[in-house]
Amino acid sequence: MDLDKYKTINAATKQDSEKFNAIRCNTVYRPQLHITPPHGLLNDPNGFCYFNGEYHLFYQWYPFGTFHGMKHWMHLTSSDLYSWNEHGSKITPVDKYESHGAYSGAAFVEDGSAYLFYTGNVKNGEERDANQCVAILGKDNQVTKSEHNPIIKSFPKGYTGHVRDPKIIKDGDVYYMLLGAQREADLKGSIIVYSSDNLLEWALKGKLSIDIGADFNDAYMFECPDLLEVDGQDVLIFSPQGISPKQERFQNRYNVVYCIGRIDWASLTFTVTHWDELDRGFDFYAPQTMNNNPNEPTLIAWAGTDGDLPSEQYGWVNCLTAPRKLSIKENKLYQELKPINETKLNSVLVNLNIKTERIIKLESLSFLLDIDFSQAENIAVVIFDDFNNEFLFTVDNESKQLTLDRSNYDHNEKEYEFGSIRSCSLTEKSKNLTLFCDQSIVEIFSDQGRNVFTSLFFPSKGNQYLKITFDEPAEIKATLQYVNGI
């Protein structure tokens with residue numbers, strides 16, 4: 001066992017601190033409005049909630065390297081979901097019940113208290129154990145682990161040690177805990193449910209039945225279950241691992257699906273009226289929705305990959321997506337970019353009246369582009385440089401396809417398992433899109449979030465350009481806003 005991989009931030013030396021400070025100060029590839037780790041590796045968002053008059057967010061963090069090591073919970077707070085204050089590791093795995101990492105989980109806010117539920121990961125050689133734990137977030141932003149930990153010791157009979165990522169839901173007077181799990185008999189994925197009347201004592205109810213057919217039968221694990229109400233309907237979100245590509249869906253190693261329908265706690269069934277993949281891009285996983293949201297359902301996810309990334313040479317890797325507002329329209333889950341405060345955007349708008357093509361030399365790679373092309377059929381948006389690299393997104397209303405192509409601007413020298421092109425079919429004409437580029441990530445929202453593509457993006461150091469083209473002349477209105485330097 002690599003003992004260095006399992007050390008905590010408490011073991012950081014003076015030399016480590018000097019190295020960390022140098023990494024923190026380097027701005028190469030760092031987004032301005034997306035969350036990145038100060039140093040080391042970031043993955044799943046955790047504990048996302050509104051509490052004590054501000055937004056709180058934690059994320060999985062390994063401080064010492066750009067690989068998956070001992071996971072901590074880094075703590076951030078914000079008043080607007082875009083400017084975040086960093087408070088350091090607030091769940092550091094120093095106890096026996098979490099000896100190999102504080103794994104993912106979610107917040108539950110009630111009666112002026114914020115409870116942070118997480119999985120304590122334990123390894124003994126090749127054997128794995130999992131304990132469910134809770135900590136309390138105080139109004140002073142301090143986090144205290146419960147003296148009752150672990151509140152669920154080990155994993156239930158019939159399942160492997162891969163049981164993790166608690167999500168708490170309250171129905172009436174009963175609390176329910178959803179957990180991602182792997183069955184022992186066939187090593188396939190499941191979501192299991194515990195119940196409680198006090199958040200500390202939990203009893204296993206069983207497996208949640210989700211009728212979505214054979215598409216997920218080959219998944220070896222369901223991770224990061226999430227459940228919330230959106231526009232009067234229940235939405236179940238989870239991340240199945242190991243499912244095979246099916247036409248244009250599931251083209252990544254790890255994928256995320258949502259199900260719209262209704263949950264029945266008595267029978268432990270989720271009746272599905274519609275399901276789909278949540279994001280059609282390359283780099284989107286382990287999303288989490290905000291608990292106790294004061295305004296509207298909001299989601300944020302890990303924009304990461306297990307592949308090699310250019311930022312590793314600068315001592316950090318991965319980021320989180322921008323926050324997204326959720327809604328249901330025509331029985332489909334929409335994701336819209338949460339509004340960015342105008343003070344964070346350049347006050348000078350670049351208005352583009354386009355006939356057939358427009359090329360702009362970009363002042364910055366942190367910008368927001370909105371295009372209304374309702375008068376056109378087909379459109380292409382390209383980010384390119386002086387070296388013939390290009391990052392391409394196309395809308396083809398004639399063939400009813402949206403396509404994201406980074407094969408000529410790919411940051412991974414190794415060939416991707418599923419290629420460098422992602423696409424999805426259109427059920428109706430596409431008329432507009434929002435593209436949010438922020439140094440090393442691009443998020444594309446088609447038609448107010450009907451289809452969304454997330455992709456990491458590591459451009460060259462040369463000049464960067466934006467090109468917007470149409471197959472035939474069309475009068476198009478677009479706005480380009482740069483993010484103010486922070």
Side-chain angles (χ1 to χ4, degrees), residues 27-34 36 279-284 303 305 307 309-311 318-319 321-322 337 340 345-346 348-352 354 356-373 376 378-396 401-413 416 419-424 430 432-446 451-471 476-485:
T27 61
V28 178
Y29 294 134
R30 281 205 188 265
Q32 297 192 61
L33 294 181
H34 289 74
T36 58
D279 189 287
R280 294 306 186 93
F282 297 89
D283 304 291
F284 181 95
T305 174
L309 297 178
S311 66
N318 300 326
C319 66
T321 68
L337 181 70
I340 302 171
L345 298 172
N346 193 311
V348 178
L349 302 184
V350 180
N351 293 309
L352 312 172
I354 305 165
T356 57
E357 179 177 284
R358 180 71 181 270
I359 297 177
I360 304 161
K361 184 177 179 180
L362 290 167
E363 299 174 12
S364 164
L365 273 173
S366 289
F367 64 86
L368 184 66
L369 175 69
D370 287 294
I371 308 177
D372 179 351
F373 53 91
N378 305 325
I379 178 176
V381 179
V382 189
I383 301 172
F384 68 99
D385 63 13
D386 294 322
F387 310 103
N388 297 318
N389 298 309
E390 66 175 24
F391 183 91
L392 171 67
F393 186 78
T394 58
V395 178
D396 190 330
Q401 284 284 309
L402 301 177
T403 302
L404 174 60
D405 184 347
R406 70 178 187 190
S407 57
N408 292 326
Y409 216 149
D410 207 323
H411 52 259
N412 196 327
E413 295 179 358
Y416 275 91
S420 297
I421 298 174
R422 297 289 179 269
S423 63
C424 75
S430 182
N432 56 71
L433 64 85
T434 296
L435 186 151
F436 184 21
C437 179
D438 196 7
Q439 300 300 322
S440 56
I441 179 174
V442 178
E443 297 178 79
I444 303 170
F445 301 82
S446 166
N451 294 293
V452 183
F453 293 73
T454 300
S455 177
L456 295 181
F457 168 67
F458 294 89
S460 66
K461 293 182 180 180
N463 294 320
Q464 303 292 326
Y465 305 87
L466 176 69
K467 180 169 69 173
I468 304 172
T469 63
F470 302 91
D471 286 351
I476 301 301
K477 181 76 177 282
T479 58
L480 174 67
Q481 296 174 275
Y482 293 105
V483 175
N484 286 324

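Just so it is clear, the model here is predicted, and its values are computed rather than measured. Worth knowing before you read on, the calculation uses all heavy atoms, side chains too, and leaves out hydrogens, waters and symmetry mates.
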Heavy-atom side-chain proximity of [X] to [Y] below 4.5 angstrom:
{"X": "Pro459", "Y": "Gln439", "result": "no"}
{"X": "Asn388", "Y": "Asn408", "result": "no"}
{"X": "Leu466", "Y": "Val381", "result": "yes"}

If I take atom [atom1] from residue [X] and atom [atom2] from residue [Y], how far apart are they, to the nearest 0.5 angstrom?
{"X": "Ser446", "Y": "Phe393", "atom1": "OG", "atom2": "CZ", "answer": "5.5 Å"}
{"X": "Ile444", "Y": "Leu433", "atom1": "CD1", "atom2": "CG", "answer": "7.5 Å"}
{"X": "Asp405", "Y": "Phe391", "atom1": "CG", "atom2": "CZ", "answer": "9.0 Å"}
{"X": "Leu362", "Y": "Phe384", "atom1": "CG", "atom2": "CZ", "answer": "9.0 Å"}
{"X": "Thr36", "Y": "Asn318", "atom1": "OG1", "atom2": "CG", "answer": "10.0 Å"}

Under the side-chain contact (heavy atoms from CB on, under 4.5 Å) test, residues paired with Asp438 that sit two or more places apart: Pro31, Gln32, Leu33, His34, Ser366, Phe436, Ile441

Which residues share a side-chain contact (heavy atoms from CB on, under 4.5 Å) with Asp385, sequence neighbours left out: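 Counting only residues at least two positions away or on another chain, Asp385 forms a side-chain contact (heavy atoms from CB on, under 4.5 Å) with Phe387, Asn389, Tyr409, Ser460, Gln464.
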
Step-by-step side-chain hydrogen bond (donor to acceptor under 3.5 Å, both in side chains) determination, Asp370 to Thr434: CA-CA 5 Å; Asp370 287 294; Thr434 296; 2.5 Å; yes

Can you give me the closest heavy-atom contact between [X] and [Y], atom names plus distance?
{"X": "Phe453", "Y": "Leu404", "result": "CD2-CB, 3.9 Å"}
{"X": "Asp386", "Y": "Gly462", "result": "OD2-C, 4.5 Å"}
{"X": "Ile476", "Y": "Phe470", "result": "CG1-CZ, 3.1 Å"}
{"X": "Ile379", "Y": "Phe373", "result": "CD1-CD2, 3.8 Å"}
{"X": "Phe282", "Y": "Ile421", "result": "CZ-N, 3.8 Å"}
{"X": "Arg406", "Y": "Ser455", "result": "NH1-OG, 2.8 Å"}

Main chain of [Y], side chain of [X]: is a donor-acceptor contact present, judged purely on distance under 3.5 Å?
{"X": "Asp283", "Y": "Leu456", "value": "yes"}
{"X": "Asn484", "Y": "Leu345", "value": "yes"}
{"X": "Tyr482", "Y": "Glu363", "value": "yes"}

Sole candidate of Ile359, Ile371, Leu480, Val382 that passes side chain to side chain contact (heavy atoms under 4.5 Å, CB included) when paired with Ile468: Ile371

Stepwise side chain to side chain contact (heavy atoms under 4.5 Å, CB included) test for Thr403 and Asp396: CA-CA 8 Å; Thr403 302; Asp396 190 330; over 6 Å; no

Residue pair Leu365, Phe457: steps toward the side chain to side chain contact (heavy atoms under 4.5 Å, CB included) verdict: CA-CA 10 Å; Leu365 273 173; Phe457 168 67; 4.1 Å; yes

Glu357 vs Lys467, side chain to side chain contact (heavy atoms under 4.5 Å, CB included): CA-CA, chis, key distance, verdict: CA-CA 7 Å; Glu357 179 177 284; Lys467 180 169 69 173; 3.9 Å; yes

Thr321 vs Glu443, side chain to side chain contact (heavy atoms under 4.5 Å, CB included): CA-CA, chis, key distance, verdict: CA-CA 8 Å; Thr321 68; Glu443 297 178 79; 3.4 Å; yes

